[in-house]
Amino acid sequence: MKKLFGEINLTWKKLIIFSIIAGVYTGVMAMLPIAENTSLEDISISFEVWILFGILIIMNSKSAKDSALKCFVFFLISQPLVYLVQVPFSNLGWGIFNYYRNWIVWTMLTIPMGFIGYYMKKDKLWGLLILVPMLIFLGIHYSNFLGETIYYFPFHLLSCLFCFFTILVYPIVIFENKRIRITGVIIGILIILAMSFIPLSKGTVYNTIVLVNDGSASAVFDDSYKVYLKDSKFGNVHIEYDESLDDYEVVAEFKRGGKTVLILEDSKGNKTEYDLDIKRDKYDINKK
């Protein structure tokens with residue numbers, strides 16, 4: 001692993017090939033239906049793998065200037081390719097490049113980040129101070145993925161584990177000094193503990209409207225009805241009146257993804273059941 005972080009002859013030719021492969025792969029993962037809401041798709045949405053790519057470039061550069069330029073060129077090529085690959089297959093067509101606007105900013109920031117990041121190679125304590133913001137950023141990603149994994153296991157588990165291990169591994173592979181390594185790992189452990197507390201204490205919640213009276217699911221109800229889930233571990237549902245609709249609706253607070261049954265019960269005890277498949281940000285409901 002140490003060879004990967006500092007002993008690669010990273011020529012410009014290799015860098016350009018690397019950036020093309022990374023961009024095309026990411027664009028494909030963003031389109032594949034099988035990758036939706038999984039760790040495979042995360043590379044097209046979040047930063048954890050791109051942080052790895054940036055650190056690999058920094059550690060295999062010959063100077064601070066070389067590091068800055070190579071980081072910049074890598075992102076300058078790879079990020080537009082992510083969207084270019086999707087153009088023929090997207091309903092937005094060339095409009096999908098609107099999503100690239102944020103990446104233009106990040107691409108420009110790779111110049112100072114690549115330049116400053118190179119000084120981690122000096123194996124000094126202040127090099128660890130350069131790394132710590134990246135570890136914290138990774139910690140935020142870890143916290144988000146942990147929440148997603150708890151909500152809809154095992155989705156995003158690989159991304160969660162990736163962030164967990166890279167937070168601990170980066171100080172070990174970047175620095176030679178034993179004290180700096182140990183200090184870095186301790187900082188990483190503290191970040192992981194702090195970021196684990198958030199999803200473990202608060203959980204991930206998906207709030208949505210499941211049914212509307214006399215709506216598309218052919219459910220008829222009012223405030224005299226009771227509504228509940230067969231398995232309460234998935235969350236809570238209740239009936240409320242929506243003034244804008246001038247009608248009643250079933251509002252849900254889902255705390256876990258999966259399949260369960262939603263039950264509507266009238267004042268006489270008559271029940272209507274619906275198969276409910278809860279996903280991360282959508283659901284399928286069908287009358288049994």
Side-chain angles (χ1 to χ4, degrees), residues 3-118 133-134 137-138 140-142 144-145 148 155-163 165-166 170 280-281:
K3 182 177 181 179
L4 195 63
F5 289 84
E7 297 180 14
I8 295 174
N9 180 23
L10 187 61
T11 62
W12 281 102
K13 180 179 178 180
K14 289 178 182 178
L15 179 87
I16 292 170
I17 293 172
F18 179 30
S19 62
I20 292 172
I21 293 172
V24 172
Y25 172 81
T26 303
V28 171
M29 288 300 106
M31 294 186 293
L32 284 182
I34 195 173
E36 186 178 2
N37 288 323
T38 70
S39 296
L40 294 175
E41 184 189 40
D42 288 335
I43 189 174
S44 67
I45 301 170
S46 52
F47 290 85
E48 68 285 347
V49 177
W50 298 100
I51 290 173
L52 170 62
F53 292 161
I55 289 177
L56 287 174
I57 293 169
I58 288 169
M59 296 305 295
N60 288 287
S61 295
K62 295 181 174 62
S63 67
K65 182 180 177 181
D66 186 50
S67 174
L69 289 174
K70 283 179 176 174
C71 285
F72 175 67
V73 171
F74 173 80
F75 283 90
L76 186 65
I77 295 173
S78 62
Q79 293 310 307
L81 273 177
V82 172
Y83 302 100
L84 184 62
V85 167
Q86 299 178 67
V87 167
F89 309 97
S90 172
N91 294 330
L92 296 174
W94 289 99
I96 198 170
F97 269 88
N98 287 329
Y99 293 105
Y100 177 56
R101 286 180 294 182
N102 291 335
W103 273 106
I104 294 175
V105 177
W106 282 105
T107 299
M108 296 304 298
L109 288 174
T110 60
I111 298 174
M113 288 191 293
F115 189 92
I116 296 170
Y118 177 80
M134 287 183 269
F137 195 33
L138 271 172
I140 295 170
H141 282 63
Y142 162 76
N144 292 334
F145 288 133
E148 297 291 333
F155 289 83
H156 302 285
L157 176 60
L158 291 179
S159 293
C160 179
L161 292 175
F162 179 90
C163 293
F165 286 112
T166 51
Y170 286 149
R280 178 59 191 95
D281 53 4

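Start at 1 with the first residue, then count along the sequence.
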Flag the pair [X] / [Y] as yes when at least one side-chain heavy-atom distance between them is below 4.5 Å, and no otherwise.
X: Tyr100; Y: Gln79; result: yes
X: Leu32; Y: Leu40; result: no
X: Phe75; Y: Trp106; result: no
X: Leu92; Y: Tyr83; result: no
X: Ile58; Y: Cys71; result: yes
X: Asn9; Y: Lys62; result: yes
X: Asp42; Y: His141; result: no
X: Met59; Y: Tyr118; result: no

* Should the ring pair His156 and Phe145 be called parallel, tilted or perpendicular, given that the plane angle runs from 0 to 90° and is split at 30 and 60? -> parallel

* To do: Show your reasoning for whether side chain to side chain contact (heavy atoms under 4.5 Å, CB included) applies to Asn37 and Asp281.
  => CA-CA 9 Å; Asn37 288 323; Asp281 53 4; 4.2 Å; yes

* Asked: For Lys65, does the NZ atom have more than 12 heavy-atom neighbours from other residues, nucleotides or ligands under 6.0 Å away?
  -> no

* Asked: Is Tyr99 atom OH crowded by more than 12 heavy atoms from other residues, nucleotides or ligands, each under 6.0 Å away?
  -> no

Nearest 0.5 Å please: distance from the [atom1] atom of [X] over to the [atom2] atom of [Y].
X: Tyr25; Y: Ser78; atom1: OH; atom2: OG; answer: 14.0 Å
X: Lys70; Y: Leu76; atom1: NZ; atom2: CG; answer: 15.5 Å
X: Asn144; Y: Ile45; atom1: CG; atom2: CD1; answer: 11.5 Å
X: Ile21; Y: Thr26; atom1: CD1; atom2: OG1; answer: 11.5 Å
X: Ile43; Y: Leu52; atom1: CD1; atom2: CG; answer: 9.5 Å
X: Leu69; Y: Phe74; atom1: CG; atom2: CZ; answer: 15.0 Å

* **Atom of Leu81, atom of Ile20 and distance for their closest heavy-atom approach** => CD1-CA, 3.7 Å

* To do: Locate the shortest heavy-atom distance separating Phe97 from Leu84; write the atom from each residue and the value.
  => CZ-N, 3.7 Å

Got a donor-acceptor contact below 3.5 angstrom from the [X] side chain to the [Y] backbone?
X: Asn60; Y: Ile8; answer: yes
X: Tyr142; Y: Phe165; answer: no
X: Ser67; Y: Gly114; answer: yes
X: Thr166; Y: Cys163; answer: yes

* Passes side chain to side chain contact (heavy atoms under 4.5 Å, CB included), Trp12 versus Val73? Steps please. -> CA-CA 9 Å; Trp12 281 102; Val73 171; 3.7 Å; yes

* Who are the salt bridge (Lys or Arg N to Asp or Glu O under 4.0 Å) partners of Glu48, not counting sequence neighbours? -> none

* **Centroid-centroid under 6.0 Å between Phe47 and Trp50 rings** => no

